[in-house]
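What follows is a single structure, written as structure tokens, with notes after it.
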Protein chains: 4
Amino acid sequence: MNREDKKRLTRQNVLNAAIELFAEQSYEATTITQITERAGIAKGTFFNYFANKEDLICDIQVIWAVEEVRRIKEQPGLLIPHIRYLIMQIDKFHASRQLMLAVNQGIISSPKAIRNQLEQIDELVKALTEVIEEGQRRGEFTSSLPAAMICEIAIQTYLGTRLYWSMGRGDSNLGTQMVVTFELFFKSIMA
Amino acid sequence: MNREDKKRLTRQNVLNAAIELFAEQSYEATTITQITERAGIAKGTFFNYFANKEDLICDIQVIWAVEEVRRIKEQPGLLIPHIRYLIMQIDKFHASRQLMLAVNQGIISSPKAIRNQLEQIDELVKALTEVIEEGQRRGEFTSSLPAAMICEIAIQTYLGTRLYWSMGRGDSNLGTQMVVTFELFFKSIMA
Amino acid sequence: MNREDKKRLTRQNVLNAAIELFAEQSYEATTITQITERAGIAKGTFFNYFANKEDLICDIQVIWAVEEVRRIKEQPGLLIPHIRYLIMQIDKFHASRQLMLAVNQGIISSPKAIRNQLEQIDELVKALTEVIEEGQRRGEFTSSLPAAMICEIAIQTYLGTRLYWSMGRGDSNLGTQMVVTFELFFKSIMA
Amino acid sequence: MNREDKKRLTRQNVLNAAIELFAEQSYEATTITQITERAGIAKGTFFNYFANKEDLICDIQVIWAVEEVRRIKEQPGLLIPHIRYLIMQIDKFHASRQLMLAVNQGIISSPKAIRNQLEQIDELVKALTEVIEEGQRRGEFTSSLPAAMICEIAIQTYLGTRLYWSMGRGDSNLGTQMVVTFELFFKSIMA
DNA sequence: AATGAATGAGGTTTCATTCAT
DNA sequence: AATGAATGAAACCTCATTCAT
């Protein structure tokens with residue numbers, strides 16, 4: 001194994017340790033010392049990979065699946081089934097309520113983390129808006145609202161469901177909760 | 001002014017100072033020292049009123065307007081207009097994005113704060129479910145979904161909009177953003 | 001003993017501990033932990049009195065005897081004897097070479113410390129320039145150089161002697177070294 | 001280019017990088033990591049050339065021009081013009097106030113650096129004392145003071161001027177400041 | 001009830017140095 | 001001879017909390 005591989009391994013090691021701890025306790029409660037102990041490395045090593053805890057949360061960032069969203073608009077026929085399918089995948093990435101709570105804590109914990117989060121949302125908005133526009137062109141979605149607005153409300157809906165679920169409410173499975181919630185949402189934007 | 005009044009005054013004084021600071025910086029960044037300095041009291045005095053910062057955020061809690069919700073189901077005719085009116089009132093309580101962000105940080109910052117928040121949500125769920133059941137009885141809302149579920153989704157929607165807005169997105173006015181979002185929501189639950 | 005007195009005592013306690021340590025090791029080598037241990041207080045207490053080590057060195061600052069300098073120009077007759085007397089007092093304040101070395105390290109250790117030092121020099125320059133002007137008026141000092149320039153060279157001479165001595169050279173007694181050095185200086189500025 | 005040349009080149013490379021950084025920030029603030037980055041070498045390589053930062057400051061040492069001083073006493077006629085000429089050359093080596101400040105910080109930063117500095121001063125004292133003795137023999141300098149003492153005061157004067165200037169005071173050009181200061185000094189030691 | 005100096009555990013971060021490659 | 005990832009001691013500093021006044 002060469003140096004590069006080893007570095008990647010150590011980095012992932014740190015990330016895994018952090019995720020574990022976030023899932024066990026919370027973002028705030030997790031200290032860098034705990035992370036390095038769990039990862040089995042020296043405290044100083046952490047700072048070779050991340051400038052601080054904020055920096056780390058950015059890397060743990062929920063995969064927003066922007067690529068998958070982009071691909072949807074190329075699909076023939078109805079778009080909603082494809083979106084629904086994507087939503088059902090969500091719980092693959094959202095292990096536990098505790099972890100999601102920690103992520104929610106993390107992304108609003110500091111101006112920097114928020115900025116990072118907004119950038120990711122921006123990208124998603126762009127990709128998703130195109131999908132909705134395509135849906136409007138095809139007559140699948142209502143055109144009574146601008147695509148951008150529908151898109152933002154969709155993201156709000158996603159965030160709200162995630163937050164609510166992470167606080168311990170809703171179906172025990174986040175995917176299920178998401179699907180139910182979005183069924184209602186789809187109904188409201190269908191032409 | 002008697003002793004009781006004076007105590008209530010000091011307590012409110014502390015709360016106001018905290019709200020100001022949360023709105024200026026953030027929940028985490030605000031220290032008890034800052035709060036007491038702003039309130040013009042000694043550090044030790046803080047602990048005569050609150051056990052700690054968590055305790056304090058519970059008192060700042062957004063007014064969930066449970067009372068107002070309860071009253072809605074007594075109204076004759078369509079219920080949605082009354083709900084819509086309530087929603088429009090929201091920005092009266094939600095001063096700035098910064099403050100809302102701080103509240104969002106606060107309510108998920110600790111198990112205790114979450115527990116407190118869940119209790120408040122529970123009460124709201126009870127009140128709102130009755131309203132929706134009433135709406136279903138009157139044929140205003142769809143009966144294809146249980147009232148409790150619709151209710152939870154409504155709260156998710158509220159939380160999501162608030163979180164999204166507090167992060168700096170959506171209409172500059174939270175009330176407007178809420179109204180637009182809920183128009184879509186109403187559409188999805190109308191019979 | 002009231003609170004104010006106690007505070008003053010603790011502060012002086014910290015300063016004494018710091019001076020001792022500076023004299024034993026050096027400015028850089030002395031840590032805040034050492035200072036608080038020596039002073040017999042908690043680490044946190046240090047920060048109730050000083051923002052950091054730089055802040056502390058400003059308080060240890062050599063007494064520049066600005067007041068005494070101001071008074072000189074009121075004296076009748078020759079001024080040099082009064083200046084010489086002041087210089088002889090210097091070693092009262094400059095205990096050991098080690099301590100002076102630490103002070104020299106401290107005053108140039110950071111931009112802030114330098115700024116503080118420059119302010120003190122400024123004041124001394126003002127006071128001393130007036131003395132020299134008075135000496136020029138009385139015909140005691142040469143008028144071939146502006147008083148301000150003579151004054152600056154005097155301070156340079158003081159600093160140089162102090163630095164040289166603190167490095168371990170010159171007479172074992174700083175006062176003696178100063179007096180000898182300034183005899184030569186006086187000779188050069190006499191009318 | 002053979003191996004020896006390459007080594008010398010790398011060493012100089014490191015020194016140059018250090019000088020640049022000292023001039024930009026300060027001695028203390030400059031880290032070995034910064035030096036190696038600036039020099040374009042690996043951190044580990046630094047330790048192949050210097051044991052540590054102290055070691056390095058010794059090599060940056062101001063050139064005390066001992067050789068030039070030695071040559072002065074061979075000159076016929078008055079010696080002062082030759083000394084004055086040497087002093088005027090000083091600012092050729094003393095680029096910026098910042099750099100001089102860093103040097104001043106460096107030479108008193110550790111016992112080892114001080115020892116090294118004292119050795120250099122010793123050599124200079126030897127050389128300069130001989131010059132002054134020669135001047136005394138020729139009747140150019142006063143004999144009322146031992147040559148060694150005059151010599152030490154001269155060095156004090158040099159150090160004081162350098163320190164004062166590096167702190168941001170005196171003429172913008174160090175050479176000018178030195179010349180003015182030493183004119184006064186010469187006056188005091190002329191027969 | 002109010003004060004605020006003292007506390008000290010515990011956090012983040014730095015950085016010279018080592019050593020396997 | 002050069003590399004740079006890993007180290008870990010040790011620095012600084014914060015801040016909720018206590019408690020004598």
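In this text the structure is predicted, and so the values were computed from the model without any measurement. Here is the naming used below: chain letters follow the sequence lines, and residue numbers restart at 1 for every chain.
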Exercise. Just checking Lys7(A): base, sugar-phosphate only, or nothing, at a heavy-atom cut-off of under 4.0 Å?
Worked result: sugar-phosphate
Exercise. Nearest-Å distance, CD1 (Ile35(C)) to P (dA11(F))?
Worked result: 11 Å
Exercise. Counting just side-chain N and O atoms, does Thr10(C) come under 4.0 Å of either OP1 or OP2 of dA6(E)?
Worked result: yes
Exercise. Under 4.0 angstrom, heavy atoms only, what part of the nucleic acid is Ala51(D) near: base, sugar-phosphate, or nothing?
Worked result: sugar-phosphate
Exercise. Less than 3.5 Å between a donor and an acceptor, one on the side chain of Asn48(A) and one on the base of dA6(F), is that the case here?
Worked result: yes
For this session: Between Glu4(A) and Ile32(C), just flag the one whose closest nucleotide in DNA chain F comes earlier from the 5' side.
Result: Glu4(A)
Seminar exercise, completed: Whole-Å distance, Arg11(C) CZ to dA6(E) P, equals 12 Å
Exercise. What does Tyr49(A) touch in the nucleic acid at a heavy-atom separation under 4.0 angstrom: a base, only the sugar-phosphate, or nothing?
Worked result: sugar-phosphate
For this session: Return yes if some donor-acceptor pair links the side-chain N/O of Asp55(D) with the main-chain N/O of Phe50(D) below 3.5 Å, else return no.
Result: no
Exercise. Which ones in residues 36-47 of chain B lie close to DNA chain E, meaning a heavy atom under 4.0 Å from one of its atoms?
Worked result: Ile41(B), Ala42(B), Lys43(B), Gly44(B), Thr45(B)
For this session: Please determine if Lys53(D) forms a cation-pi arrangement with Tyr27(D), meaning its NZ or CZ atom is less than 6.0 Å from the six-membered ring centre and no more than 45° off the ring axis.
Result: yes
For this session: Report the base-pairing partner of dT13(E) (Watson-Crick or G-U wobble, both distances below 3.5 angstrom), or none.
Result: dA10(F)
Seminar exercise, completed: Re dA20(E): Watson-Crick or G-U wobble partner, both distances kept under 3.5 Å, found to be dT3(F)
Exercise. Is the backbone N or O of Ser26(B) less than 3.5 Å from a side-chain atom of Thr30(B), with the two atoms forming a donor-acceptor pair by type?
Worked result: yes
Problem set entry | NZ/NE/NH1/NH2 to OD/OE distance under 4.0 Å, Glu54(D) and Arg115(D) | no
